[in-house]
Amino acid sequence: MSKLKAPRGTQDILAEDSKLWQKIEAEAIKVFAAAGFNEIRTPIFESTELFSRAVGEDSDIVNKEMYSFTDKSDRPLTLRPEATAAIVRAYNEHSLERAPKPHKLWYRGPMFRYERPQTGRYRQFHQIGIEAIGSKPPYIDLEIIQVGMQLLSNLGLNDLTLYINSLGNQASREAYTKALKDFLSGLQEDVCEDCQRRYQQNPLRALDCKQEADQALYKNAPSLQDYLDEESKEIWTAMLQGLDKLAIKYIVDPRLVRGLDYYSHAVFEIKTSSKELAGQNTVLAGGRYDKLVKDLGGQESPAVGWALGLERLASLIENKTETGGLYIISDSAMDAQILARKLRQDTNNSITIDYDYNSSKFNKQLERAIKRSYDWALFYMEDERNSGKFKLKNLRETVEYNDLDYDAVVARTTSCNAL
RNA sequence: GCAGGUGUCGCCAAGUGGUUAAGGCUCCGGAUUGUGGUUCCGAUAUCGUGGGUUCAACUCCCAUCAUCUGCCCCA
């Protein structure tokens, strides 16, 4: 019988990694709450139309990466490839524009994209993100960037760089796209196949081409910055000044475009220089999407947000597992169980308490307690049960306490090792 | 979707055409008769799958699947 495997591009987060994920999530929740963001949970699948409208028909995500299916009533549905569209849908559906603005939300959960798996890229992957809907000035952009930086630095990451660019408002972007297409049209003969395709689908992407020959041809391409109109320029300037005042280091990257159609004004990515992630070094990315709420049928509401990849983030953080807790060593599994239940209650579930279910030999049980890195071994053999006095051993410091009564055991184990 | 690498026990890993497929680690069981990861003993694989070549295949060929890496693109 062959073993079944998880589907391609999916993975199990085993107990060890799970601890790390919990740590990241706990830190995120703390940082978000402190900045006034509240959690929103939306469905894992949505109508396919939501994503094709929101993300853009021409985007790669919609073109070839969606996990789409029809249900038994032939409804076209899609496993969400990202969360922003769904959150905007929910925002509109529940008329949240009537709530105080900006509406500040965070989310976490699995996303799905049908792609070739490789380092830092999976078909089911997990994101944590925030969105702020209903505020136009760049202070809210600054706020979410700042929250993101804070979260990453709290998690101990410091080799990160913020790359940022402005796409300008829609008018600016259209004017620029036109100018760029004019420029590119003369080069199509000499340019790589990918770029020919980009020319058709998303001309801005061409500037990001990795072919050196193409880069040489693009040297004199028009610059987006020159096409920003007054409004866009004002916002962009304020944005950069704000980053300076917050002492957030950044690199303006004029080629940073992003693959989703709904962005305008500020777009940004936080990248790591760690080799761990090789080509997929973007850990957190986002931008402003002023048009999207209206495009999805809502009241015009400017908005901005970002998402970070949990798998990528987790791979950058050292996973140090610390267990601790107390292991009961007993020749009676039943008595150990009764004691464990009582101890868990009386320690208020503040430390891990476990014991041997197989009534193994004394030495085996002690060995287990050590191997599984418990802090304490509590001896509960016949003698202890009869006398009501416990023997407690600190396995880290090799100290043994004799003749403790029950309350002393509780006091001693909880005093120094809370979960 | 394209290009390349890899597939021998839970993990690492020898074997490269010929009798019983090394070894290490982990895990499990046992011994050392209630105190430190020790030591000793034991158990655990038909070599991804299917086909072909051959007297003979883990070793060669083909296909397929899985996985990894790069491209596209992205978190």
Side-chain angles (χ1 to χ4, degrees), chain A residues 1-11 14 55-56 58-65 80-84 108-129 148 152 192-198 201-202 205-206 208-211 256-260 267-272 277-287 305-316 327 329-331 358 360-374 376-384 391-400 402:
Chain A
M1 218 23 119
S2 60
K3 287 184 185 174
L4 262 23
K5 287 179 178 170
R8 159 167 267 197
T10 69
Q11 57 176 348
L14 268 19
V55 180
D58 292 333
S59 67
D60 275 18
I61 289 180
V62 171
N63 260 336
K64 50 178 196 181
E65 295 174 2
R80 63 181 185 194
E82 56 110 43
T84 303
R108 65 175 145 176
M111 307 294 159
F112 305 83
R113 290 182 201 172
Y114 194 90
E115 293 183 279
R116 202 86 199 185
Q118 58 183 275
T119 307
R121 178 185 295 170
Y122 308 92
R123 289 186 172 181
Q124 174 175 339
F125 61 102
H126 298 77
Q127 291 187 330
I128 296 180
L152 295 172
C192 73
E193 262 180 52
D194 285 329
C195 279
Q196 292 176 20
R197 189 177 44 74
R198 291 179 182 119
Q201 289 183 351
N202 192 347
R205 276 247 155 247
D208 206 14
C209 182
K210 292 191 175 74
Q211 305 281 334
L256 180 60
V257 186
R258 319 248 335 107
L260 284 50
V267 291
F268 53 89
E269 297 187 351
I270 296 178
K271 298 186 183 195
T272 174
L277 281 169
Q280 280 66 245
N281 56 0
T282 300
V283 176
L284 181 155
W306 56 248
L308 68 78
L310 256 179
E311 285 84 355
R312 291 185 184 179
L313 181 55
S315 75
L316 298 176
Y327 200 80
I329 291 173
S330 175
D331 52 2
N358 301 327
S360 310
K361 294 276 162 48
F362 182 91
N363 271 350
K364 206 60 128 184
Q365 294 193 32
L366 185 60
E367 191 183 315
R368 282 211 180 99
I370 293 159
K371 278 196 174 164
R372 296 175 192 178
S373 39
Y374 280 88
W376 302 96
L378 180 66
F379 299 96
Y380 195 51
M381 308 294 276
E382 204 177 345
D383 286 354
E384 283 82 9
K391 208 180 268 188
L392 180 68
K393 182 159 186 163
N394 185 312
L395 297 170
R396 300 209 185 284
E397 291 160 13
T398 324
V399 189
E400 198 167 312
N402 291 302

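These numbers come from a predicted model, not from an experiment. Every chain is numbered from 1, with letters handed out A, B, ... down the list of sequences.
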Distance, rounded to the nearest Å, where A/Asn281 contributes CG and B/U69 contributes C1': 16 Å

Distance test, side-chain N/O of A/Thr282 to OP1/OP2 of B/A75, below 4.0 Å: no

C1' atoms of B/A3 and B/C60, separation to the nearest Å: 25 Å

Short side-chain N/O contact from A/Thr119 to OP1 or OP2 of B/G70, under 4.0 Å: yes

Qualifying residues under salt bridge (charged side-chain N to carboxylate O under 4.0 Å, His left out), relative to A/Lys391, sequence neighbours excluded: none

Whole-Å C1' distance, B/U38 and B/U32: 11 Å

Atom P, compared across B/C11 and B/A45: separation rounded to whole Å: 15 Å

Whole-Å C1' distance, B/C47 and B/G17: 15 Å

Contacts of type ring-ring contact (aromatic ring centres under 6.0 Å, His included), residue A/Phe268, not counting sequence neighbours: none

Inter-nucleotide C1' distance (B/G50, B/U44), Å rounded: 27 Å

Distance in angstrom units between A/Lys5 NZ and B/G10 P, rounded: 12 Å

Closest non-hydrogen atom pair between A/Gly148 and A/Leu284, with its separation: CA-CD1, 4.2 Å

Stacking check A/Phe379 vs B/G34 (5.5 Å / 30 deg): no

Non-hydrogen atoms of A/Phe362 and A/Phe379 that approach each other most closely: CZ-CE2, 3.3 Å

Separation of B/G1 C1' from A/Glu65 CD (nearest whole Å): 11 Å

Neighbour count >12 (heavy atoms, 6.0 Å) for atom CD, A/Glu382: no

Polar pair under 3.5 Å, donor/acceptor by atom type, side chain A/Glu384, base B/G34: yes

N/O donor-acceptor pair under 3.5 Å between A/Arg8 side chain and A/Arg116 backbone: no

Value in whole Å for how far the P atom of B/A3 lies from CD of A/Gln118: 16 Å

Student check: side-chain heavy atoms of A/Thr84 and A/Val55 closer than 4.5 Å: no

Results of salt bridge (charged side-chain N to carboxylate O under 4.0 Å, His left out) for A/Lys361 - residues two or more places apart only: none

All side-chain hydrogen bond (donor to acceptor under 3.5 Å, both in side chains) counterparts of A/Glu311, not counting sequence neighbours: A/His126

Complementary nucleotide for B/U6 - Watson-Crick or wobble, under 3.5 Å: B/A66

Atom-pair distance (CZ on A/Arg116; P on B/G70), nearest Å: 13 Å

Whole-Å C1' distance, B/C28 and B/C62: 42 Å

For atom CZ of A/Phe362 and atom C1' of B/G36, their distance in whole Å: 10 Å

Phosphate-side-chain proximity, A/Arg121 and B/C73, N/O vs OP1/OP2 below 4.0 Å: no

Nearest-angstrom distance from the residue atom NZ of A/Lys64 to P of B/C72: 10 Å

Sugar-phosphate only, base, or nothing, as touched by A/Asp331 at under 4.0 Å among non-hydrogen atoms: nothing

B/U46 to B/A21 separation - P atoms, rounded to the nearest Å: 11 Å

Sugar-phosphate only, base, or nothing, as touched by A/Gly120 at under 4.0 Å among non-hydrogen atoms: base

Contact nearer the 5' end of RNA chain B, comparing A/Tyr114 with A/Pro7: A/Tyr114

Side-chain donor or acceptor of A/Glu82 paired with backbone N/O of A/Met111 under 3.5 Å: no

Value in whole Å for how far the P atom of B/G37 lies from CZ of A/Arg396: 16 Å

Those residues that, when tested against A/Thr10, pass side-chain hydrogen bond (donor to acceptor under 3.5 Å, both in side chains) (two or more places apart): none

Tabulate atom names and distances for all N/O pairs under 3.5 angstrom spanning the protein and nucleotides 39-44 of chain B.
none

5' precedence on RNA chain B between A/Gln127 and A/Val399 (nearest-nucleotide basis): A/Val399

All side-chain hydrogen bond (donor to acceptor under 3.5 Å, both in side chains) counterparts of A/Arg123, not counting sequence neighbours: none

Residue list, ring-ring contact (aromatic ring centres under 6.0 Å, His included) with A/Tyr380, at least two apart or on another chain: A/Phe390

P atoms of B/U35 and B/U49, separation to the nearest Å: 49 Å

Complementary nucleotide of B/A43, counting Watson-Crick and G-U pairs under 3.5 Å: none

Test side-chain hydrogen bond (donor to acceptor under 3.5 Å, both in side chains) applied to A/Thr272 - qualifying residues, sequence neighbours left out: A/Asp159

Sugar-phosphate, base or nothing in reach of A/Glu115, heavy atoms under 4.0 Å: base

For nucleotides 26-33 of chain B, list the nitrogen or oxygen atoms of the protein found under 3.5 Å from its nitrogen or oxygen atoms, one pair per line.
| from | atom 1 | to | atom 2 | distance (Å) |
| --- | --- | --- | --- | --- |
| B/C27 | OP2 | A/Lys371 | NZ | 3.2 |
| B/G29 | OP2 | A/Arg368 | NH2 | 3.2 |
| B/A31 | OP1 | A/Lys361 | NZ | 3.3 |
| B/A31 | OP2 | A/Lys361 | NZ | 2.8 |

Report each atom pair, protein N/O against N/O of nucleotides 48-50 of chain B, whose distance is under 3.5 angstrom.
none

Base partner of B/G36, which must satisfy Watson-Crick or wobble distances under 3.5 Å: none

Watson-Crick or G-U counterpart of B/G17, or none if no pair lies under 3.5 Å: none

Partner nucleotide of B/C71 by Watson-Crick or wobble geometry (both distances under 3.5 Å): B/G1

Test ring-ring contact (aromatic ring centres under 6.0 Å, His included) applied to A/Tyr122 - qualifying residues, sequence neighbours left out: none

Sugar-phosphate, base or nothing in reach of A/Ile329, heavy atoms under 4.0 Å: nothing

